[in-house]
Structures are given as structure tokens and as C-alpha cells.
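Input: a single structure, listed below in C-alpha cells.
Please read all numbers here as calculations on a predicted model, not as lab measurements. Convention: sequence-line order gives letters A, B, ...; per-chain numbering from 1.
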Amino acid sequence: MVAAIAGDAETDLTLPISDDLDDNGFPASPPTAPATSSFADDFYRSGIDWSSLQAPPSHRRRPADGTTEKFCGPLVQKNLFQAWGIQKPPREEAAQGVPVGAGASSSSPSPSVAGSGRKRRWGGSDENGASRKPVACPFYKQIPGTPFTVDAFRYGAVEGCSAYFLSHFHYDHYGGLTKKWCHGPIYCTALTARLVKMLLSIDSAYVCPLELDTEYVIDGVKVTFLEANHCPGAALIHFRLSDGKTYLHTGDFRASKSMQLHPLLQTGRISLLYLDTTYCNPKYKFPPQEDVIDFVVRTAQRYLKKQPKTLIVVGAYSIGKENVYLAISQALEVPIYTDASRRRILHSFGWPDLSKRISSCNQSSPLHVLPLASLQHENLKKYLETLDQRFLAVLAFRPTGWTFSEAAGKELDLIKPSSRGRVTIYGVPYSEHSSFSELRDFLKFLRPQKVIPTVNVGNAANRDKMQAYFREWLKGT
DNA sequence: GCGATCAGTT
DNA sequence: CACAACTGATCGC
């Protein structure tokens, strides 16, 4: 049924219901039938040529062995664009060493192509006995018609990539970045840039911070970061190519009405949308963040009234969810205690309203921020004991993206905490990704010509399902 | 020791 | 149980 929505009626059988995807998530065997327009087929077809989609800039250095450019063939973009049904290919390669508009060009090192002699070829092509096959950069992390990748640091030097974008500082996006990084400039927001330097020890010469809502020209492409409403420093990335095509990469984001007001999303048409599809399933419903924050604050106040010596704990990953504990801090007029490493991170944001509330004394504040993983009954009980009678009970909140109970998505007051002795833990549906309906509203507003999901793409059935939703939402476009 | 990859955790 | 986002163990060099 999914395939039918996806396009031509006769395509169903030709779908490689591929359980055997290759390293890139492409079906491993070629389709046996003529062209179709199913999403899985699109994946397959684009997988054929994507590696050579962008000829590397001519000035790129090559290994000294004089190897000829293996992938500088014709502009395969052409095939690609046709495969995706996006009109015509750009007339010519726009990838030249145009300096960054912000004047950061001088500090941008030119990428040093993997010349270490290590094999780093495209995953599928394993010449003789490649026991260790390197994983190729999946096509959905590469931006066609540009020498750009987004959140692609775990693939070594990506062929043809001269600028690596990092949408935000979460592990599953920066993974692969180490202090040995030498493959090219990393473009990200200033806040993310600080974290990259501070926590990953990346050579500053490679880190290129860009301001939000400011247009830069990078390798001939106009690039603008927009607020993503995800975690601190997270950006949507808007690309405007010289041929007029505009692409939007959402990184991770939570779509909202106010996001729709951005001038870059109000005018023109997005040809390609790289979409954070984390919760692209109708089972994912959750309230606005403000409602959840309101609930958390009210609950904290209620517990404190009953037991003034209650310790409020909020769980968090490295970055994200700050507004939950900031709101408690403001409402209760108490500082925020957290350990030294998180304090360092939070201060690096450069947010005065947050910084001024951070305390390094665990006894002086009834509001503590702990790693999400540590919010377990046993753990919190022990934690309470270490605080030596200063507190007599723990009220903990774990802000999770997904909601198991239908109730929590609809009516916050129906949320039942888990209590053991003096420890109470609430799971609250505070999400920094879009809900299903938010994704739907965003797509109906944006009406992109093509959507590439970037999350949950590992399985073909899932991809087709998501594509079916997109078709439905964009019907009549 | 370092990084890449896998397994495990909430 | 789910999910994102880790965290730790193991392997190879």
C-alpha cells in the first residue's frame, strides 16, 4: 500500500524489500525492473553515483603518488537530479575555492586528502579481500551541487567535500570528530564551535563559526544558519545555490509556528528538504514545551510545599533541556547546582541568565542537574544520602522525547510518577524534536519539492512509510 | 595510546 | 518495550 502512494502503480513488485542493505543503507542488489519512483528505488539509484556527485575542486592536493583523480568524472548530479525528479541539473560545477564571506577564509585550512596510504574507499567497492571495509558517507549527508556534507565526521575524508557542516553538538552528529581532524573546515554556530574546541580539542584552524541569520558565501554557495529550536547552538542550514536552488537541512529540530515566520522560509521554494524524522510516526504526540515546563514547575512547588527539604533533580544529556531547570530555578528563586564539567559547558554558552544562576555548592541549592542515566531509584537514594541530611526526599524529572503513555501526551496531569521510598521520578514529555503533527504542519507550510528523511532511514519499510506521509501532506503541490 | 566499532543503558 | 544520546568494552593497529 505504501508503494502505491509512492507513485507509479506498477512499482510494487519492483521494490527491493531489502533487508540486505549495504553499508550506505542502500539496497544491496540492483532492482530487476525498470525505473520506479518508490522511495527505496530513489535511494538505490542515487546510491549508484553519489560518490562522484561532486568533482573535487581542481586545486585539491592529491597524494604524492600521482594517482589520477578517481572520482572526477562527469557531473553525475544530472542523473541524480533526474532520479529525484528535481528539474534540471545545474549547468556547471560551482565548487571553486570562493572564500567565506565572513573573512574566515584565510583560517580555513585546505582539506588534506587522505594521503596516509590507508584505504578509505567507498564501502561497496571492496577490491581484493578488504577485510576491513570503511563505511562510506551516506548520500543523505551530502548536499548535491555543492562540496558540502552535514554531520558527516565518521567517514574520514569524504570525496569531494571541502566544507563539513555540524548542525549541533550531540554525539550522534559530531561522532568521529577527534583532535586528529584534518579533513577540512568545520562550519557550525559560534556556540557549537566553542564546544567543539573545548571538549573535542579540535584545532581552532578548522573551526569556522557562523552567526545565525547571516548569509555567508562558501565555495560559491550562499549559506545561512537558522535557529533550530533543538539544543543550544543547534541550527537549520539553508543553502542557496548559484543556480537558484534552495535546500534546507534541519539537522535536529523542533518545528514551530514561529519558525515559519523566518524570511528565508517565507519566500521562495525549497527544492530539497533534509528532514529530522525522529518522531515521524503518529504515535508520537507531546505537548508544547511551555506546557511541560509549567507542569514541572507546578509539581516542584507542590512537593516543596509538602516537604520543604525536597531535592529537585533534573536529568539531562550533555546539552539540551536547559529550559526545564532554568524555569524551576527562576520560579523557585534558587540556584542550579551541577558538577564541574557541566558547569563549564553551561558557562560556555555565554547566557548571562543561565550563568548567573549556576552554583558550585551542592548543599546550597535544592535544584540539581544530573546525567539522565543516573536518574534511577537506587542511585538517587544514594545521592540523597551523600547530601547528609540537608535533604529528606528527592523529586526527579526525566525529560524524554517519546511518550509511552498516551495520557502523558494529552493531559500532563495524568502523568503518574514512579515512587520508591523518598525518591519520586517523573518522566515528562519534554521533546527537542518535532512531534508528528508538528512535522506535518511544517511540511504543509514549507511545501518542499522533495524530502529526504535523515533519521530512521535504516530500513526500507520505514522509509516508504515516511515517504507516504510526505506524499499525503504535500498532495496537490 | 588511539580510534573505530559494537554492546549496553536509561 | 519505544528513542536519543550517550558510555563502556573490545578489537586492531
Side-chain angles (χ1 to χ4, degrees), chain A residues 23 114 116-120 123 129-137 151-157 166-183 192 195 199-202 228-234 250-254 276-286 313-322 324 339 341-342 345 369-380 383 396-409 417-418 420 423 425-436 439 453-459 462 465-466:
Chain A
D23 295 327
S116 58
R118 286 180 65 110
K119 272 190 160 180
R120 196 168 277 299
S131 56
R132 195 137 311 283
K133 41 181 187 175
V135 175
C137 176
D151 299 338
F153 298 95
R154 31 184 53 241
Y155 316 100
L166 174 58
S167 65
H168 64 290
F169 195 76
H170 274 158
Y171 180 80
D172 46 334
H173 293 259
Y174 67 67
L177 258 188
T178 71
K179 56 168 145 335
K180 297 263 180 65
W181 179 261
C182 61
H183 302 306
T192 302
L195 294 168
L199 300 174
L200 305 179
S201 310
I202 305 298
N229 193 28
H230 181 61
C231 65
T250 66
D252 278 356
F253 83 131
R254 182 155 183 186
D276 165 20
T277 44
T278 298
Y279 294 128
C280 189
N281 184 311
K283 73 181 175 189
Y284 295 118
K285 307 173 186 176
F286 28 78
V313 170
V314 177
Y317 296 130
S318 58
I319 66 173
K321 325 283 186 187
E322 290 75 17
V324 177
D339 67 27
S341 68
R342 192 187 299 272
I345 293 169
V369 180
L370 299 180
L372 246 185
S374 71
L375 297 209
Q376 309 157 77
H377 286 284
E378 272 309 302
N379 223 7
L380 291 174
Y383 189 69
F397 295 98
R398 31 172 49 252
T400 73
W402 49 271
T403 319
F404 178 47
S405 95
E406 193 73 13
S418 150
R420 291 243 262 282
V423 177
I425 303 176
Y426 276 85
V428 292
Y430 185 89
S431 175
E432 292 180 333
H433 293 274
S434 313
S435 69
F436 183 74
L439 281 177
T454 60
V455 184
N456 298 325
V457 295
N459 127 341
N462 226 328
K465 212 165 159 188
M466 293 193 285

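- In terms of phosphate contacts, His173(A) brings no side-chain nitrogen or oxygen within less than 4.0 Å of OP1 or OP2 of dC6(C).
- Between Tyr279(A) and Phe286(A), the ring centre distance stays below 6.0 Å.
- Map Pro371(A) and Tyr317(A) each onto its nearest nucleotide of DNA chain C; the residue landing nearer the 5' end is Tyr317(A).
- In this structure, the nucleotide among dC3(C), dT10(B), dA5(C) sitting nearest to the side chain of Tyr279(A) is dC3(C).
- Using a 4.0 Å heavy-atom distance criterion, His377(A) is classed as making no nucleic acid contact.
- Separation of the Phe169(A) and Tyr174(A) ring centroids falls under the 6.0 Å cut-off.
- As a whole-Å value, the separation of Asp276(A) CG from dC3(C) C1' is 12 Å.
- Of the candidate nucleotides dA4(B), dA4(C), dT10(B), dA4(B) has the atom nearest to the side chain of Thr178(A).
- Set against dA2(C), dA4(B), dA4(C), the side chain of Tyr284(A) has dA2(C) as its closest nucleotide.
- dC6(B) atom C1' lies 11 Å from atom OH of Tyr171(A), rounded to whole Å.
- Backbone-only contact: Thr278(A) has heavy atoms under 4.0 Å from sugar-phosphate atoms and none from a base.
- With hydrogens and angles disregarded, a donor-acceptor distance shorter than 3.5 Å links the side chain of His170(A) to the backbone of Ile319(A).
- Using a distance-only test at 3.5 Å, with no hydrogens or angles considered, a donor-acceptor pair links the side chain of Thr192(A) to the main chain of Gly233(A).
- For the OP1/OP2 pair of dC6(C) and a distance below 4.0 Å, the side-chain nitrogens and oxygens of Ser318(A) include at least one atom meeting the criterion.
- Using a 4.0 Å cut-off, no side-chain N or O of His168(A) falls inside it from OP1 or OP2 of dA4(C).
- Rounded to whole angstrom, the span from the CZ atom of Arg154(A) across to the C1' atom of dA5(C) amounts to 12 Å.
- Using a 4.0 Å heavy-atom distance criterion, Glu432(A) is classed as making no nucleic acid contact.
- Under 4.0 angstrom from either OP1 or OP2 of dG3(B) there lies at least one side-chain N or O belonging to Lys180(A).
- Note: NZ (Lys179(A)) to P (dA4(B)) measures 12 Å, nearest angstrom.
- One interatomic measurement links the two molecules: CD of Glu378(A) to P of dT9(B), which rounds to 16 Å at whole-angstrom precision.
- dC3(C) atom P lies 15 Å from atom CZ of Phe436(A), rounded to whole Å.
- One atom, CG of Leu199(A), and another, C1' of dT7(C), lie 15 Å apart when rounded to the nearest Å.
- If you take CZ of Phe153(A) and P of dA5(C), they are 16 Å apart, rounded to a whole angstrom.
- Proximity of the aromatic rings of Tyr284(A) and Phe436(A) is defined here by a centroid distance below 6.0 angstrom, and this criterion is not met.
- When the side-chain nitrogen and oxygen atoms of Thr400(A) are compared with OP1 and OP2 of dC3(C), none of them lie within a distance under 4.0 Å.
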